[in-house]
Engineer: 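Before anything else, here's the structure in question.
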Amino acid sequence: MTGYTGRGLHGTTVELLGSRIVDGTITPGETLDLRALGSEMDLSMTALREAIKVLAAKGLLDSRQRRGTFVRDRAAWNVLDSDVIRWRHAAGDAAAMLTELAEVRAIIEPSAAGLAALRRTDDDLADFEAALDNMEAASSAGADQAAAADLAWHAILLRAAHNEMLASMSIFVEPALMVRDSLVHNHTEDNPVPSHRAVVDAIRASDAAGAVELTRALLDKSVDDLSRVLELINSKDHE
């Protein structure tokens with residue numbers, strides 16, 4: 001699901017309510033006073049209900065007869081939704097969210113690399129090479145471009161396993177990975193290409209065990225880089 005930022009009054013309403021729920025201003029179990037919210041935001045009930053439908057689809061809200069519209073427990077939230085991820089980041093929950101992401105990637109990506117080494121096609125290898133070239137070019141183009149190039153490489157890795165379920169998992173990890181990459185690329189000058197190229201070389205050589213281990217090493221470095229960046233940000237916040 002894409003973000004709603006900047007999409008007029010409807011987007012503003014989704015953004016305001018969603019961020020208030022995720023940062024705890026409106027707490028789980030709390031019933032919304034729709035008339036008060038409509039008055040505060042100068043919204044018609046129709047516009048407010050449309051925003052509520054969007055937030056219900058993200059798992060944040062539910063509506064029941066006699067109870068009204070209320071905030072669902074956190075366990076029901078779609079934590080893989082791009083807006084929920086962004087709101088968690090804005091609410092200061094980035095460290096926990098990115099730790100969870102690292103754990104998910106450690107489970108998925110090394111196995112995908114092993115399968116890719118056994119199943120990759122010439123087209124996959126060409127896609128990897130193009131992605132590496134883009135990563136090289138993006139390294140001097142700014143954090144957002146570098147993050148996007150890195151994200152594209154990891155999507156190719158999942159596709160190269162030639163398992164439709166694995167390939168679809170890029171949808172789940174992309175939003176949080178973009179947050180992680182933007183943070184890291186804003187605070188480090190490390191060149192990511194050599195470590196990613198090493199994985200591609202193993203995949204090209206059909207070395208499944210090597211691809212698995214090199215991907216694990218790449219992810220371990222990713223965790224270390226993120227830890228240093230978060231420590232740096234925290235130290236600056238306390239200065």
Side-chain angles (χ1 to χ4, degrees), residues 79-80 82 85 88-89 93-120 124-125 127-136 138-139 143-234:
V79 294
L80 298 171
S82 59
I85 286 169
R88 285 184 68 184
H89 182 213
D93 197 22
M97 177 184 68
L98 295 173
T99 297
E100 292 171 359
L101 171 66
E103 292 172 350
V104 170
R105 295 179 68 198
I107 294 168
I108 295 172
E109 292 193 48
S111 296
L115 289 175
L118 301 176
R119 300 174 178 175
R120 88 315 183 258
D124 294 326
L125 294 175
D127 288 343
F128 273 124
E129 288 300 326
L132 289 169
D133 289 343
N134 288 338
M135 290 175 71
E136 191 75 61
S139 62
D144 289 344
Q145 292 91 329
D150 184 61
L151 185 62
W153 186 95
H154 287 275
I156 292 167
L157 177 66
L158 294 178
R159 291 202 307 271
H162 291 277
N163 178 306
E164 289 183 345
M165 291 186 180
L166 270 176
S168 70
M169 288 183 182
S170 64
I171 297 172
F172 300 147
V173 301
E174 279 181 10
L177 184 56
M178 184 61 95
V179 171
R180 178 260 169 214
D181 279 353
S182 295
L183 280 173
V184 170
H185 288 298
N186 265 316
H187 293 87
T188 183
E189 296 181 357
D190 286 351
N191 183 358
V193 174
S195 58
H196 289 71
R197 182 171 290 283
V199 175
V200 174
D201 289 343
I203 291 172
R204 184 187 301 278
S206 299
D207 179 4
V212 169
E213 289 307 312
L214 287 164
T215 303
R216 283 179 180 152
L218 187 156
L219 295 177
D220 287 345
K221 184 179 184 302
S222 173
V223 170
D224 291 342
D225 289 345
L226 180 61
S227 296
R228 287 196 296 271
V229 167
L230 290 175
E231 287 176 5
L232 176 64
I233 292 172
N234 287 336

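What you see is a predicted model, and the numbers here were worked out from it, not measured in a lab. All residue numbers refer to positions in the sequence shown, counting from 1.
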Engineer: Indicate the atoms forming the closest heavy-atom contact of A112 with L158, along with that distance.
Structural biologist: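 A112 and L158 have their closest heavy atoms at CB-CD2, 3.8 Å.
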Engineer: Could you tell me which residues satisfy side chain to side chain contact (heavy atoms under 4.5 Å, CB included) with A152, sequence neighbours excluded, listed by chain and number?
Structural biologist: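 None.
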Engineer: Looking at CG of D127 and CG of N134, how far apart are the two atoms once the value is rounded to the nearest 0.5 Å?
Structural biologist: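 So the CG of D127 and the CG of N134 are separated by 10.5 Å.
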Engineer: Checking A211 now: which residues fulfil side chain to side chain contact (heavy atoms under 4.5 Å, CB included) with it, not counting sequence neighbours?
Structural biologist: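 In terms of side chain to side chain contact (heavy atoms under 4.5 Å, CB included), with neighbours along the sequence ignored, A211 is linked to A113, A117, A202, I203.
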Engineer: Work out which heavy atom in G114 is nearest to a heavy atom in V212; give both atom names and the distance.
Structural biologist: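 The answer is CA-CG2, 3.7 Å.
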Engineer: Run the side-chain hydrogen bond (donor to acceptor under 3.5 Å, both in side chains) test against R159 and tell me which residues pass, sequence neighbours left out.
Structural biologist: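 Counting only residues at least two positions away or on another chain, R159 forms no side-chain hydrogen bond (donor to acceptor under 3.5 Å, both in side chains).
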Engineer: Could you list all the salt bridge (charged side-chain N to carboxylate O under 4.0 Å, His left out) pairs where at least one residue sits in residues 205-218, not counting sequence neighbours?
Structural biologist: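 Applying salt bridge (charged side-chain N to carboxylate O under 4.0 Å, His left out) to every pair that reaches into residues 205-218, excluding sequence neighbours, yields E213-R216.
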Engineer: Using the test side chain to side chain contact (heavy atoms under 4.5 Å, CB included), find all partners of L132 that sit at least two apart in sequence or belong to another chain.
Structural biologist: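 Here the qualifying residues are E129, M135, W153, V193, H196, R197, V200.
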Engineer: Considering non-hydrogen atoms only, spot the tightest contact between L80 and I85 and give its length.
Structural biologist: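 Here L80 and I85 meet closest at O-CD1, 3.7 Å.
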Engineer: Give me each pair satisfying side-chain hydrogen bond (donor to acceptor under 3.5 Å, both in side chains) with a member in residues 161-171, each pair once, sequence neighbours excluded.
Structural biologist: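 The answer is D124-H162.
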Engineer: Could you work out, with salt bridge (charged side-chain N to carboxylate O under 4.0 Å, His left out) as the rule, every residue matching D201, not counting sequence neighbours?
Structural biologist: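 Applying salt bridge (charged side-chain N to carboxylate O under 4.0 Å, His left out) to D201 gives none.
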Engineer: Can you name the side chain to side chain contact (heavy atoms under 4.5 Å, CB included) partners of L115, sequence neighbours left out?
Structural biologist: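 Testing L115 for side chain to side chain contact (heavy atoms under 4.5 Å, CB included), a comparison that skips the adjacent residues, returns R119, A161, L166.
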Engineer: Please tabulate, one pair per line, all N/O donor-acceptor pairs under 3.5 Å involving side-chain atoms of residues 95-106, not counting sequence neighbours.
Structural biologist:
residue, atom, partner, partner atom, Å
T99, OG1, A95, O, 2.8
R105, NE, E109, OE2, 2.7
R105, NH2, E109, OE2, 3.4
R105, NH2, H154, ND1, 3.4
R105, NH2, H154, NE2, 3.4

